[in-house]
Amino acid sequence: MNGGLGKVLCLRNDPVFKQAISLFRCRTFGENPICSMGGFLLSTRRHYKSRPTHGIGRYKHLIQAQETRKKGKVEVRPINVGTDYEYGVVNVHLIAYDMALAESCAQHVHNLCNHYSIKVEESYAMPTKSTEVLRLQDQGNKMFLDSVLTTHERVVQISGLSATFAEIFLEIIRSNLPEGVRLLVKEHTEEDFKGRLKARPELEELLSKLN
Amino acid sequence: MAAPVRRSLLRVAPRWCRLERRSAGLLGVRGLAVEAAPSPRGSPWRLLGALCLQRPPLVSKPLTPVQEEMAALLKQIELERSLYSDHELRALEEAQRLAKQKADLYDEADQEILLVQDVEDMWEQTFLQFKPGARVTEADKKNDQSSLQRKLDRNLILLVKEKLGDQDIWMLPQAEWQPGETLRGTAERVLATLCENNIEAKFLGNAPCGHYKFKFPQAVRTESSLGAKIFFFKALLQSGDFPQPPKQSRHVWVCKEELGNYLKPKYLAQVSRFLLDL
């Protein structure tokens, strides 16, 4: 474009025009006048492969690659190693009638684990259980429905808990429990895992037919 | 709070290593029953297992003014943002129907047997009949230190008065370690011999939570006993208590602040390191 302008104006050898052309050259090949041009959207510095800014903003190669979870089951046996007695996979159950309370308590436990660098395998919810409260009527023998209570359970699964720290951790959780939340801590077993899966009546029927 | 706990753990670990080097095989912390080393080559330190029996708080602490304001605000926000529940919808429908009845001036055939108003009155009655327990009990007013009903919102720890030499000292109940049992076994033995009533307590883990080392005064020191090391184990009280009224004031249930009135300074410093008071 500069060349074109030069050709167009080379007919006149006016010093004024020569000054204008030289100024123009400075403006386009020099510093990027962002502020004077009116905004960064008009900047023409793009991150081409040839530029030194190529790949700016790339970060995935710096972090540790996360293991992709497959849909199959993960069998972890408890680790008993010498002096460092470590628990295997431990489930922390928080049971309450109030769902918001149970969830906020589970969130608190999860945050505690993150803070103490304890690995949290997963944090899931067990299916809600409904309890019907039937009361005896004042005058008469008939029972009538008083209320329906829903019990919510949230589980935080932890691994890599050392024996010395487990005691302190348990005490911290126990003393920070809100009112109305029950705490249950136990080791993870096959039954716990199977309890989360839905029952398959066709498979059971076929198995019983085989036997 | 996490940092000092970690530091105390780290400091305990080298003590264990030292014990391992000195008395090969005498360390019962691993949960294995181990035979005693021959005594002339044994360590000059006597091992004692002590029990830190805690009564967990029965009632939650009262809220501070800031917490109360926040709670009230959050409750109001939730109320304003929430949708109507079944009961409230029913109440609105009934109010509309009653207003229509009054306007139309004729009785409709289908009338509810139990109006929402009646149901609410019944609930109000049952609520008034409910009397919650007192937060400040009699024991609080009398400041009876040996009662378990005092300070329902704090952790209470058991202290006993024992004779050491010729002095009566307040301390956590302890017993000497017997070869062939674990240190936690020693603590459980302490629990069993504390009181004729069966006190049930739950131990949270096999590892001790703290330790205290002291040397005997020069007069008592011999070749084989230079001093004693006490390892503390924490247990939570489930049920059971000392017989009331307490005899000769040999035991006391205190909270963390009042420990200073009973324990010696160095002992208190080590004990208060593992006491969690939230």
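Labels below follow one simple rule: chain letters A, B, ... track the order of the sequence lines, proteins then strands, and each chain is numbered from 1. Since the model is a prediction, treat every value here as computed from it, not as a measurement.
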Checklist entry - Just wondering, are more than 12 heavy atoms of other shown residues or ligands nearer than 6.0 Å to OH in A/Tyr97? => result no

Item to check | Interatomic distance, B/Leu204 atom CG to A/Arg174 atom CZ [nearest 0.5 angstrom] | outcome: 7.0 Å

Next on the checklist: If you count every heavy atom of other residues, nucleotides or ligands that lies below 6.0 Å from B/Glu88 atom CD, does the total exceed 12?
Outcome noted: yes

Item to check | Value rounded to 0.5 Å, distance of OG1 in A/Thr164 from CG in B/Asn206 | outcome: 11.5 Å

Checklist entry - Counting only heavy atoms not in B/Met70, do more than 12 sit closer than 6.0 Å to its CE atom? => result no

Next on the checklist: Could you check whether atom CZ of A/Arg196 has more than 12 heavy atoms from other residues, nucleotides or ligands sitting under 6.0 Å from it?
Outcome noted: yes

Checklist entry - Can you tell me how far the CD1 atom of A/Ile168 sits from the CG atom of B/Leu276, to the nearest 0.5 Å? => result 8.5 Å

Next on the checklist: Please output the residues of residues 50-60 of chain B in contact with chain A, using a heavy-atom cutoff of under 4.5 Å, in numerical order.
Outcome noted: B/Gln54, B/Pro56, B/Pro57, B/Ser60

Item to check | Exceeds 12 heavy-atom contacts within 6.0 angstrom, atom CG of B/Asp121 | outcome: yes

Checklist outcome for this item: Heavy atoms of A/Glu167 and B/Cys209 approach each other most closely as OE2-CB, 4.4 Å

Item to check | Residues A/Glu171, B/Lys234; criterion salt bridge (Lys or Arg N to Asp or Glu O under 4.0 Å); working and verdict | outcome: CA-CA 10 Å; A/Glu171 216 190 316; B/Lys234 246 192 211 173; 2.6 Å; yes

